Amino acid sequence: MAFTRATGKHRRPRRSVRTGANIAGVTTIASGVVAGIAGPALAASDEAPAPEQTGLQQAIVIDEGLADQIQAQAQSQETAAAEAAAKARAETIARQEAARKAEAAAKKAKAERAAKERAAREAERKRLNTFVAPISGSYVSTGYQASSGLWSSGSHTGIDFHAASGTTVHAVGAGEVVEAGWGGSYGNNIVIKMKDGTYTQYGHMSSLNVSVGQKVTPGQQIGLSGATGNVTGPHLHFEARTSPDYGSDIDPVAYLRSHGVSV
């Protein structure tokens with residue numbers, strides 16, 4: 001006999017049935033995806049499989065490259081620092097060497113100046129202690145203690161140097177002028193107190209170039225020869241004395257020779 005269903009709303013399928021259908025659908029989709037993925041993979045199975053790349057491996061590669069860069073930078077900085085230190089040391093050594101050389105040069109220059117000063121003082125000392133002839137290139141025309149009625153004492157108290165009027169007369173050594181002017185029979189005369197305490201006299205001069213109290217040096221011009229006073233012709237009368245006064249005369253030739261002057 002025929003059965004009829006009751007009229008009314010259709011009943012919803014059970015959950016288990018619907019769930020099973022869903023599972024079947026998902027399975028179908030998954031199978032299709034797997035087949036889609038597996039197809040190319042199987043097609044390329046003859047080739048060597050490429051190494052699988054992961055985020056961790058990429059991070060390691062990046063870290064290694066960065067480490068190399070950091071190490072290279074550190075080495076570069078270390079090299080630059082070493083070069084800078086070496087340059088600084090070289091500059092310090094160069095400055096020290098320059099300072100040493102400058103100090104040595106200064107000491108040498110100082111020693112040379114001191115040596116020159118000593119040499120100059122010694123030369124000046126020798127010059128001041130040097131004696132010269134009162135007339136350059138002349139000779140003794142009348143000797144010491146020669147006898148003649150021309151002299152009041154009866155003998156010559158000095159020596160005469162041959163000299164025409166106007167010939168330069170030199171101080172024979174260093175000293176101080178104690179007399180300069182008219183000296184009676186000596187005419188225009190000069191008396192000098194020498195450094196060793198003796199005295200020298202220059203007579204019959206035509207002109208005088210020094211005055212009392214003036215310091216003179218060896219070879220300095222003190223006047224010109226002439227024929228003033230008690231003379232028979234132009235010449236220079238030269239005396240050496242132990243005092244500035246007449247009568248204290250000593251041998252002028254021996255005096256000059258004792259001071260290195262060849263007469």
Side-chain angles (χ1 to χ4, degrees), residues 123-146 148-263:
E124 181 65 8
R125 185 188 67 80
K126 289 181 178 180
R127 186 183 73 84
L128 293 176
N129 290 328
T130 299
F131 276 65
V132 300
I135 299 289
S136 300
S138 184
Y139 59 90
V140 176
S141 57
T142 305
Y144 178 58
Q145 292 185 340
S148 174
L150 295 174
W151 303 293
S152 58
S153 63
S155 64
H156 201 201
T157 54
I159 57 177
D160 292 342
F161 282 93
H162 175 78
S165 292
T167 302
T168 297
V169 177
H170 304 284
V172 297
E176 181 180 348
V177 177
V178 295
E179 183 178 337
W182 187 257
S185 61
Y186 289 105
N188 294 319
N189 87 123
I190 295 171
V191 178
I192 299 174
K193 182 179 181 180
M194 311 304 289
K195 287 182 64 178
D196 61 0
T198 59
Y199 295 80
T200 55
Q201 183 189 33
Y202 313 78
H204 311 309
M205 299 174 69
S206 61
S207 64
L208 310 178
N209 298 133
V210 294
S211 56
V212 174
Q214 183 176 339
K215 304 287 186 179
V216 296
T217 57
Q220 179 178 333
Q221 179 176 325
I222 58 175
L224 301 176
S225 64
T228 59
N230 186 14
V231 296
T232 57
H235 65 278
L236 174 69
H237 176 81
F238 175 78
E239 282 191 24
R241 298 175 177 174
T242 58
S243 76
D245 303 323
Y246 175 80
S248 63
D249 54 279
I250 56 178
D251 184 350
V253 173
Y255 176 82
L256 290 174
R257 286 176 178 174
S258 69
H259 288 92
V261 180
S262 179
V263 180

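The structure displayed is predicted, hence computed values, not measured ones.
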- Query: Which pair of heavy atoms, one from Tyr202 and one from Ala171, lies closest together, and at what distance?
  - Reply: OH-CA, 3.8 Å
- Between Leu236 and Pro134 the two heavy atoms that sit nearest each other are CD2-CB, 3.7 Å
- Note on the structure: Heavy-atom closest pair (Val191 atom, Asn189 atom, distance to 0.1 Å) is CG2-OD1, 3.7 Å
- Minimum side-chain heavy-atom gap Thr242-Thr198 below 4.5 Å: no
- Are the side chain of Ser141 and the backbone of Asp160 linked by a donor-acceptor contact shorter than 3.5 Å? yes
- Message: If you compare all heavy atoms of Pro252 against all heavy atoms of Ile159, which two are closest, and at what distance to 0.1 Å?
- Response: CG-CG2, 3.5 Å
- Query: Any side-chain heavy atom of Lys215 within less than 4.5 Å of one from Val177?
  - Reply: no
- Query: Mind checking whether Phe161 and His235 have ring centres under 6.0 Å apart?
  - Reply: no
- Item | Side-chain heavy-atom pair Val263, Val140 within 4.5 angstrom cut-off | yes
- Message: Would Thr200 and Met194 count as a side-chain contact (heavy atoms from CB on, under 4.5 Å) here? Give the steps.
- Response: CA-CA 7 Å; Thr200 55; Met194 311 304 289; 3.4 Å; yes
- Message: Could you go through Tyr246 and Thr157, starting from their C-alpha distance and side-chain angles, then the distance that decides it, and tell me whether this counts as side-chain hydrogen bond (donor to acceptor under 3.5 Å, both in side chains)?
- Response: CA-CA 9 Å; Tyr246 175 80; Thr157 54; 5.2 Å; no
- Query: How would you list, by chain and number, every residue that makes a side-chain hydrogen bond (donor to acceptor under 3.5 Å, both in side chains) with Asp249, sequence neighbours excluded?
  - Reply: Tyr144
- Query: Checking Thr228 side chain against Asn188 main chain: does a donor-acceptor pair fall under 3.5 Å?
  - Reply: yes
- Message: Please list all pairs meeting salt bridge (charged side-chain N to carboxylate O under 4.0 Å, His left out) that have one or both residues in residues 220-248, counting only residues at least two apart or in different chains.
- Response: Glu239-Arg241
- Message: Between Thr167 and Ala163 (side chain of the first, backbone of the second, donor and acceptor by atom type, cut-off under 3.5 Å), is there such a pair?
- Response: no
- Task: Say whether, by atom type as modelled, one donor and one acceptor occur between the side chain of Ser138 and the main chain of His162 under 3.5 angstrom.
- Result: yes
- Message: For a side-chain contact (heavy atoms from CB on, under 4.5 Å) check, start with the C-alpha distance between Val210 and Ile190, then their side-chain angles and the critical distance, and finish with the verdict.
- Response: CA-CA 8 Å; Val210 294; Ile190 295 171; 3.7 Å; yes
- Pair Tyr199, Ser243: side-chain N/O donor-acceptor within cut-off below 3.5 Å: no
- Answer yes or no: is there a side-chain heavy-atom contact under 4.5 Å between Gln221 and Val169? no
- Carefully, step by step, assess His170 and Ile222 under the rule side-chain contact (heavy atoms from CB on, under 4.5 Å). CA-CA 6 Å; His170 304 284; Ile222 58 175; over 6 Å; no
- For the side chain of His156 and the backbone of Gly143, is there at least one donor-acceptor N/O pair under 3.5 Å apart? yes
- Query: When rounded to the nearest 0.5 angstrom, what is the spacing between CD in Glu179 and NZ in Lys193?
  - Reply: 14.5 Å
- Message: Using the rule given for side-chain contact (heavy atoms from CB on, under 4.5 Å), can you reason through Leu224 versus Thr168, listing the C-alpha separation, both sets of side-chain angles and the distance that settles it, and then say yes or no?
- Response: CA-CA 5 Å; Leu224 301 176; Thr168 297; 4.2 Å; yes
- Just by distance, do the side chain of His237 and the backbone of Gly203 share a donor-acceptor pair under 3.5 Å? no
- Item | Donor-acceptor contact present, side-chain Ser155 to main-chain Gln145, <3.5 Å | no
- Can you check whether Val172 reaches Phe238 side chain to side chain, under 4.5 Å on heavy atoms? yes
- Note on the structure: Smallest heavy-atom separation, His204 atom then Gly187 atom, equals ND1-N, 4.4 Å
- Query: At their closest point, which heavy atom of Ser165 faces which heavy atom of Gly226, and how far apart are they?
  - Reply: OG-CA, 3.8 Å
